[in-house]
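Here's the structure we're looking at; comments come further down.
What you see is a predicted model; the values in this text were computed from it and never measured.
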Amino acid sequence: MSKFYEVSQDTQDTFFKVFNKKSFPLAIKFQFIGCESQKTLMKISKLSDQFSFLMDKELLVSVNEDLMSVFDDESITILIEQEIDKISIDTQSGKIKMIKPDLTTFSSLITKYGVDKVAKANQVEELYQQQVKDGKEEFIA
């Protein structure tokens, strides 16, 4: 059994609903993949030049759809936006790179949602992972 799977259209639509509210100088081509063992809701990474050429995509969006049911809609939006805010495009060269957040999250998200809501979204994600880990340890013992 593979830990990877195709992501549902609903999940992609949820991503693009948040992504399309952002402003990027160039179009970005995304490849989506589901990963049931991923510890976070979503992770965006840059594809290597070889895979980018072969797939005609630039960024890989890895999603653990099992986590979607754990979060409320606002937390999902925050976590998606948090990943999208890591995307940086050099307008001169068109090169895409992933940057690190300026805090645990981006200050713009704290301004938009407040520290409490952003912290809550991140805590729910951490709590879920701890419960999964605890459940596996109890099963092994």
Kindly give the heavy-atom pair with the smallest separation between [X] and [Y], and that separation in Å.
{"X": "M42", "Y": "F15", "value": "SD-CD1, 3.6 Å"}
{"X": "T91", "Y": "P25", "value": "CG2-CG, 3.6 Å"}
{"X": "F71", "Y": "A121", "value": "CE2-O, 3.6 Å"}
{"X": "T40", "Y": "L67", "value": "C-CD1, 3.3 Å"}
{"X": "L47", "Y": "S52", "value": "CB-N, 4.2 Å"}
{"X": "K46", "Y": "L59", "value": "CA-CD2, 3.6 Å"}

I'd like to check the side-chain hydrogen bond (donor to acceptor under 3.5 Å, both in side chains) partners of S8; sequence neighbours left out, ordered by chain and number.
T11, E65

Got a sec, which residues hit side-chain hydrogen bond (donor to acceptor under 3.5 Å, both in side chains) with K29, two or more places apart in sequence or on another chain?
D56

Roughly how far, to the nearest 0.5 Å, is the [atom2] atom of [Y] from the [atom1] atom of [X]?
{"X": "I33", "Y": "K3", "atom1": "CD1", "atom2": "NZ", "value": "9.5 Å"}
{"X": "K112", "Y": "S107", "atom1": "NZ", "atom2": "OG", "value": "13.0 Å"}
{"X": "M98", "Y": "I87", "atom1": "CE", "atom2": "CD1", "value": "5.0 Å"}
{"X": "I96", "Y": "I89", "atom1": "CD1", "atom2": "CD1", "value": "5.0 Å"}

Report the C-alpha distance between M68 and I76 in whole Å, list the side-chain angles of each, state the deciding distance to 0.1 Å, and finish with yes or no for side chain to side chain contact (heavy atoms under 4.5 Å, CB included).
CA-CA 7 Å; M68 293 289 259; I76 290 170; 4.2 Å; yes

Using the rule given for side chain to side chain contact (heavy atoms under 4.5 Å, CB included), can you reason through F19 versus I28, listing the C-alpha separation, both sets of side-chain angles and the distance that settles it, and then say yes or no?
CA-CA 10 Å; F19 179 78; I28 302 172; 4.1 Å; yes

Please check if atom [atom1] in [X] has more than 12 non-hydrogen atoms from other residues, nucleotides or ligands closer than 6.0 Å.
{"X": "K97", "atom1": "NZ", "value": "no"}
{"X": "Q9", "atom1": "CD", "value": "yes"}
{"X": "D73", "atom1": "CG", "value": "no"}
{"X": "F24", "atom1": "CZ", "value": "yes"}
{"X": "K57", "atom1": "NZ", "value": "yes"}

Any side-chain heavy atom of K100 sitting closer than 4.5 Å to one from K86?
no

Please evaluate residues D85 and L109 with respect to the criterion side chain to side chain contact (heavy atoms under 4.5 Å, CB included), reporting the C-alpha separation (whole Å), side-chain torsions for both, the decisive distance (0.1 Å), and the verdict.
CA-CA 9 Å; D85 282 352; L109 290 176; 4.0 Å; yes

side-chain contact (heavy atoms from CB on, under 4.5 Å) partner of V118, chosen from I78, L79, T111
I78

Output yes when a side-chain donor or acceptor of [X] lies under 3.5 Å from a complementary backbone atom of [Y], and no otherwise.
{"X": "Q82", "Y": "T105", "value": "no"}
{"X": "T14", "Y": "D10", "value": "yes"}
{"X": "Q31", "Y": "V61", "value": "no"}
{"X": "N64", "Y": "E36", "value": "yes"}
{"X": "S62", "Y": "K43", "value": "no"}

Please walk me through it: do E81 and K21 pass salt bridge (Lys or Arg N to Asp or Glu O under 4.0 Å)?
CA-CA 10 Å; E81 194 168 334; K21 291 180 182 175; over 6 Å; no

Ring-ring centroid check Y5 F32, cutoff 6.0 Å:
no

Please determine whether side-chain hydrogen bond (donor to acceptor under 3.5 Å, both in side chains) holds for the pair S75 and D72, giving the CA-CA distance in whole Å, both sets of side-chain angles, and the decisive distance to 0.1 Å.
CA-CA 5 Å; S75 294; D72 58 78; 3.1 Å; yes

Would you check, one step at a time, whether the test side chain to side chain contact (heavy atoms under 4.5 Å, CB included) holds for F30 with E58?
CA-CA 6 Å; F30 294 97; E58 295 152 324; over 6 Å; no

